[in-house]
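Treat the numbers as computed from the prediction; the structure is a model and nothing was measured. Chain naming here is simple, since letters A, B, ... match the order of the sequence lines and numbering starts at 1 in each.
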Protein chains: 2
Amino acid sequence: MKTEEISRVLIEKGLKVTPQRIAVYEAVAHLNNHPTAENIIKYIRKIYPNIATATVYKILDALTEKGLINRVKTEKDMMRYDAILESHHHLYCSETDRIEDHYDEQLDRMLEDYFEKKDIPGFQIEDIKLQINGKFLKS
Amino acid sequence: MKTEEISRVLIEKGLKVTPQRIAVYEAVAHLNNHPTAENIIKYIRKIYPNIATATVYKILDALTEKGLINRVKTEKDMMRYDAILESHHHLYCSETDRIEDHYDEQLDRMLEDYFEKKDIPGFQIEDIKLQINGKFLKS
DNA sequence: TGTCAAAAGAGAATCATTCTCTTTTATAAA
DNA sequence: TTTATAAAAGAGAATGATTCTCTTTTGACA
């Protein structure tokens with residue numbers, strides 16, 4: 001997303017457009033590897049050396065709350081973020097903290113079909129993601 | 001699992017059998033709601049008022065490392081645990097921290113079949129869990 | 001029964017994240 | 001363009017979940 005587009009989306013979501021917010025969003029999108037807050041802070045500080053830690057946390061919270069980015073579920077105690085909103089799955093490495101995106105439209109359709117027929121009583125589905133655990137082979 | 005069975009499994013996994021370890025395992029299994037470490041500590045302290053916080057964390061780490069329990073992936077910064085090892089999926093509430101188990105053997109078979117045919121290049125699958133996000137309806 | 005490495009106890013330390021107060025600024029209105 | 005102001009950012013303190021570290025206890029084996 002270009003800066004202009006980010007601004008537009010921020011406005012759409014009722015958020016003020018600030019250079020810091022644009023920087024945080026761009027960092028998450030550019031890193032594109034489910035970065036932690038620390039990763040994001042380090043990246044941004046190349047451009048904004050003085051941005052406050054609390055600012056980044058607040059912006060991440062705001063962007064998440066408004067749906068510009070998502071938090072990624074992990075077993076670890078550091079929050080990770082994802083700028084890719086469209087439907088995808090995650091490959092989790094059982095040996096490292098690596099998380100990769102996995103796209104599979106056929107799989108998506110299959111799951112969609114399945115859950116259209118198969119109701120979960122007492123629960124209203126909003127989204128289905130696969131958590132695929134395993135090992136990345138050397139490449 | 002009965003205490004005797006827990007002891008047996010601890011021995012199998014090369015862990016010393018201690019009352020604290022049995023208590024921690026039983027807490028996770030009994031709570032059975034993906035409890036946080038704090039939930040577990042509170043529960044155990046009804047029986048062992050003096051158990052150390054660090055002890056519980058160490059035991060949780062050991063049980064997880066040896067595969068007696070699993071960590072549950074969440075977005076939050078508190079670790080949650082699951083004593084149910086057999087294949088299941090999780091329903092995540094988008095409004096609260098509630099996580100429920102979801103069993104569906106038909107779904108399991110479908111996913112198994114699918115991924116037997118569909119390789120993920122450079123990745124060796126060990127386990128597949130569905131992360132089903134949505135809302136629990138009032139009951 | 002004795003030994004000892006591992007486990008538990010306990011409190012300090014760490015550090016990811018949040019809180020709180022002050023200063024700056026994006027945006028809207030005039 | 002200027003002004004006003006609520007929101008955002010800065011900055012450091014505070015919080016609390018988790019880990020570290022040292023001492024004491026203990027499970028399991030000989």
Side-chain angles (χ1 to χ4, degrees), chain A residues 3-4 6-25 27-28 34-45 47-66 68-69 71-81 97, chain B residues 3-4 6-25 27-28 34-45 47-66 68-69 71-81 97:
Chain A
T3 303
E4 292 84 0
I6 300 170
S7 298
R8 192 175 52 72
V9 177
L10 284 167
I11 293 169
E12 266 179 28
K13 301 290 188 177
L15 292 171
K16 274 185 179 175
V17 180
T18 71
Q20 294 87 351
R21 284 177 174 171
I22 292 175
V24 169
Y25 181 87
V28 179
H34 313 97
T36 63
E38 186 186 0
N39 298 149
I40 295 164
I41 289 164
K42 271 177 177 166
Y43 179 86
I44 291 174
R45 279 185 175 156
I47 308 163
Y48 293 95
N50 298 323
I51 194 166
T53 301
T55 295
V56 178
Y57 276 94
K58 281 188 245 172
I59 292 174
L60 287 169
D61 276 354
L63 297 184
T64 300
E65 191 180 305
K66 296 293 186 179
L68 279 82
I69 61 175
R71 281 200 186 102
V72 179
K73 296 189 200 299
T74 70
E75 295 167 6
K76 303 298 191 270
D77 64 352
M78 278 188 285
M79 289 173 193
R80 288 180 175 274
Y81 298 87
D97 289 336
Chain B
T3 304
E4 293 83 2
I6 301 170
S7 298
R8 195 178 49 73
V9 177
L10 283 167
I11 293 168
E12 269 179 26
K13 301 290 187 177
L15 291 171
K16 275 186 177 177
V17 179
T18 70
Q20 294 88 351
R21 284 178 173 169
I22 292 175
V24 168
Y25 181 88
V28 179
H34 313 97
T36 63
E38 186 187 359
N39 298 148
I40 294 163
I41 289 164
K42 271 178 179 166
Y43 179 87
I44 291 173
R45 280 185 174 157
I47 308 165
Y48 293 97
N50 298 323
I51 194 165
T53 302
T55 296
V56 179
Y57 275 94
K58 281 188 246 172
I59 292 174
L60 286 169
D61 276 354
L63 297 183
T64 300
E65 191 180 305
K66 295 292 186 179
L68 279 83
I69 62 175
R71 283 202 183 99
V72 179
K73 299 189 201 301
T74 69
E75 294 166 8
K76 302 297 191 271
D77 62 353
M78 279 189 283
M79 290 175 192
R80 289 180 175 273
Y81 297 88
D97 289 336

For B:Leu10 and C:dA6, give me the distance from atom CG to atom P, rounded to whole Å. 17 Å

Rounded to whole Å, the CD1-P distance (A:Ile44 to D:dA8) equals 16 Å

Rounded distance in Å - CD1 (A:Ile51) to P (D:dG10): 5 Å

Give a yes/no answer on whether the side chain of A:Tyr57 brings an N or O atom under 4.0 Å of OP1 or OP2 in C:dT18. no

What's the closest nucleotide to the side chain of A:Lys16 if the choices are D:dA9, C:dT27, C:dG9? C:dT27

With B:Lys66, the side-chain contact (heavy atoms from CB on, under 4.5 Å) member among B:Asp61, B:Val9, B:Leu15: B:Leu15

Rounding to a whole Å, what distance do you find between B:Arg21:CZ and D:dG27:P? 11 Å

Report yes if the side chains of A:Leu10 and A:Leu63 come closer than 4.5 Å at any heavy-atom pair, otherwise no. yes

From NZ of A:Lys76 across to P of C:dC15 the rounded distance in Å is 18 Å

Selected nucleotide, minimal atom distance to B:Thr53 side chain, candidates C:dA5, C:dA8, D:dT18: D:dT18

Mind checking A:Ala54 for me? I need base, sugar-phosphate or nothing, with any heavy atom below 4.0 Å counting as a touch. base

So what does A:Thr18 hit on the nucleic acid, given a heavy-atom distance under 4.0 Å: a base, only sugar-phosphate, or nothing? sugar-phosphate

Quick one: which of D:dA17, C:dT27, C:dA8 gets closest to the side chain of B:Met78? D:dA17

Find which nucleotide of DNA chain D each of B:Pro19 and B:Ala37 is nearest to by heavy atoms, and output the residue with the more 5' nucleotide. B:Ala37

Between A:Glu38 and A:Lys42, is there a salt bridge with N-O shorter than 4.0 Å? yes

What is the distance, to the nearest angstrom, from the CZ atom on B:Arg71 to the C1' atom on D:dA17? 13 Å

Does any non-hydrogen side-chain atom of B:Tyr81 lie less than 4.5 Å from one of B:Arg71? yes

Given atom CD of B:Glu12 and atom C1' of D:dA28, what is their separation to the nearest angstrom? 18 Å

Could you pick out which residue, B:Asp61 or B:Val17, lies toward the 5' side of DNA chain D when each is mapped onto its nearest nucleotide? B:Asp61

Rounded interatomic separation in angstrom, taking NZ from B:Lys58 and P from D:dT19: 11 Å

Please confirm whether the shortest side-chain N or O distance from A:Gln20 to OP1 or OP2 of C:dA26 is below 4.0 Å. no

To the nearest 0.5 Å, what is the distance between CD1 on A:Ile69 and CD1 on A:Ile40? 6.5 Å

